[in-house]
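This report refers to the structure that appears directly beneath it.
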Amino acid sequence: MRFVIITHAEHKVKGTELFSYEPFVREMNLWGKHVSKIEIVAPISKEEINAIEITYDKECKLTAIPKFDITSVKNIFKSLLTIPLVFIAIYKAMKRADHIHLRCPGNIGLLGCIVQVLFPNTPKTAKYAGNWDPNSKQPWSYMLQKWILSNTFLTKKMKVLVYGEWPNQTKNIIPFFTATYSESELDKINVKPLDDVINFIFVGGLTKGKQPLLTVKVIHELSRKGIRVKCEIFGDGVERNRIEEYVAKHNLSKLVILHGNVIKNVVKEAFKRAHFLVFISKSEGWPKVVAEAMCLGCLPISTPVSCVPYMLDNGKRGSLVNVNIDEIVAEVELYIKNKEIYYSNVTEAYEWSSKYTLEKFENEIAILLQ
């Protein structure tokens, strides 16, 4: 089977090896176990390979395409010469495919959604990694992708994998999940006492959408209230300078530690140390860091976006909060005063999340490809 992946994930070439974002590559390696050939249609980056990028287990053919932006009318006009070239490259790759796999949402994913209409007889899957909530406010390009994927007249022989269970969906929409840890990596439930320093963690891109500075402000407020706290931040991005300035201004260097991008096992050990994940993101698909925290005895405090309420069972496996520092601080204080609620929620979170292992994930992938 020739498995063709259409993705906006940037790839880097080093010798004969192909590198990309670690969670994406790890998932594609699982799909790759069940196919004979892989072709990836993706943009190329010439930047240095960093700590959160890995190579594929299987040799892959790369069809390189240029990046482009269609988030506004102005950018669409700028991309008028690029889009036809990408369209043709995607068409030729799909023509070679025994199975087409789209990664959405994204600019490349949108073109993939359009081109796949021309291949009604080719089996397909689409992984929609964004927010599938029909009532959420999203960019027009995301809404268009969702409409095409859901339209069973235009989209034939397609299984669309989405995060969460939503009402009134077409028959090709399949609730799905993402996994990080294998059964062998999961220890017994690790419930940490709340009697000493309270450890917090943030994992993700340091971007405005993820709001990492808000997590730091929560730590600051808890400290001002006399609660002994520490926070480890993993990730990098444009908000790092603002965080560093805030930490320096308020003398928080002993409480807030910025690690940057690190390998998976370093983050895993930090999750094991942490009591709480504070993850106040504006938009998500299936936030892997929330699921990973739950697996490792770290209780999530998160916004109710996308399928997060489903993951946290509306507050029984963690806390759902608004973007409000005082509300988040009050939630932490509630757990400290009512430790039995904290222990119960951590246990519920572990028991639910530990079912979604890499073994289960790979088994579901094999079924999709049959």
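These numbers come from a predicted model, not from an experiment.
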Donor-acceptor contact below 3.5 Å, side chain [X] vs main chain [Y]:
X	Y	value
Asn338	Leu334	yes
Glu351	Glu348	no
Glu53	Asn50	yes
Asn324	Glu327	yes
Thr7	Ala9	yes
Glu17	Thr55	no
Asp98	Arg2	yes
Asn131	Asp133	yes
Ser344	Glu340	no

| Name the one of His101, Glu39, Arg103, Met94 that satisfies side chain to side chain contact (heavy atoms under 4.5 Å, CB included) with Ile6? |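 With Ile6 as partner, side chain to side chain contact (heavy atoms under 4.5 Å, CB included) holds for just one option, Met94.
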Is there a chain of hydrophobic side chains (I, L, V, M, F, W, Y, each step under 4.5 Å between heavy atoms) that links [X] to [Y]?
X	Y	answer
Val117	Ile90	yes
Leu194	Val197	no
Met1	Ile38	yes
Val203	Ile257	no
Val35	Ile5	yes

[X] versus [Y]: any side-chain heavy-atom pair under 4.5 Å?
X	Y	result
His275	Cys298	no
Tyr335	Leu299	yes
Thr215	Ile233	no
Arg96	Thr63	yes
Ile365	Ile367	no
Leu85	Ile65	no
Lys146	Gln138	yes
Leu222	Ile198	no

Please find the pair of heavy atoms, one from [X] and one from [Y], that lie closest to each other, and give the distance.
X	Y	answer
Leu320	Pro304	CD2-CA, 4.1 Å
Pro175	Gly164	CB-O, 3.6 Å
Phe24	Ser20	CD2-OG, 4.1 Å
Gly106	His8	CA-ND1, 4.1 Å

| message | Checking Lys360 against Glu183 for the side-chain contact (heavy atoms from CB on, under 4.5 Å) test, could you report, in this order, the C-alpha distance in whole Å, the side-chain angles of both residues, the deciding distance, and whether it holds? | response | CA-CA 9 Å; Lys360 178 178 174 63; Glu183 293 172 1; over 6 Å; no
| query | Using 4.0 Å as the upper bound for N to carboxylate O, is an ion pair formed by Arg240 and Glu244? | reply |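 Answer for the salt bridge query: yes.
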Around atom [atom1] of [X], are there more than 12 heavy atoms from other residues, nucleotides or ligands closer than 6.0 Å?
X	atom1	result
Lys268	NZ	yes
Lys58	NZ	yes
Leu81	CG	no

Is it true that [Y] and [X] share a donor-acceptor pair across their side chains at a distance under 3.5 Å?
X	Y	value
Gln116	Thr155	yes
Glu239	Thr207	no
Tyr246	His220	yes
Gln169	Trp132	yes
Tyr163	Lys127	yes

| task | Quick one: sort the Trp31 and His99 rings into parallel, tilted or perpendicular, breaks at 30° and 60°. | result |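 Tilted, since the angle between the ring planes falls between 30° and 60°.
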| query | For the residue pair Phe176 and Phe361, does the interplanar ring angle fall in the parallel (under 30°), tilted (30 to 60°) or perpendicular (over 60°) class? | reply |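 Tilted.
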| message | For Tyr56 and His11: C-alpha separation, side-chain torsions, deciding distance, then whether ring-ring contact (aromatic ring centres under 6.0 Å, His included) applies. | response | CA-CA 11 Å; Tyr56 292 84; His11 283 64; 5.8 Å; yes
| task | Evaluate the side-chain contact (heavy atoms from CB on, under 4.5 Å) criterion for residues Ile219 and Leu252: first the C-alpha distance (whole Å), next the side-chain angles of each, then the deciding distance (0.1 Å), finally the verdict. | result | CA-CA 9 Å; Ile219 298 304; Leu252 300 176; 6.0 Å; no
With rounding to the nearest 0.5 angstrom, report the [atom1] to [atom2] distance, [X] to [Y].
X	Y	atom1	atom2	result
Leu206	Asp236	CG	CG	5.5 Å
Leu118	Thr122	CG	OG1	10.5 Å
Met294	Ser353	CE	OG	5.0 Å
Phe276	Lys192	CZ	NZ	10.0 Å
Leu296	Tyr350	CG	OH	9.0 Å
Lys282	Thr303	NZ	OG1	10.5 Å

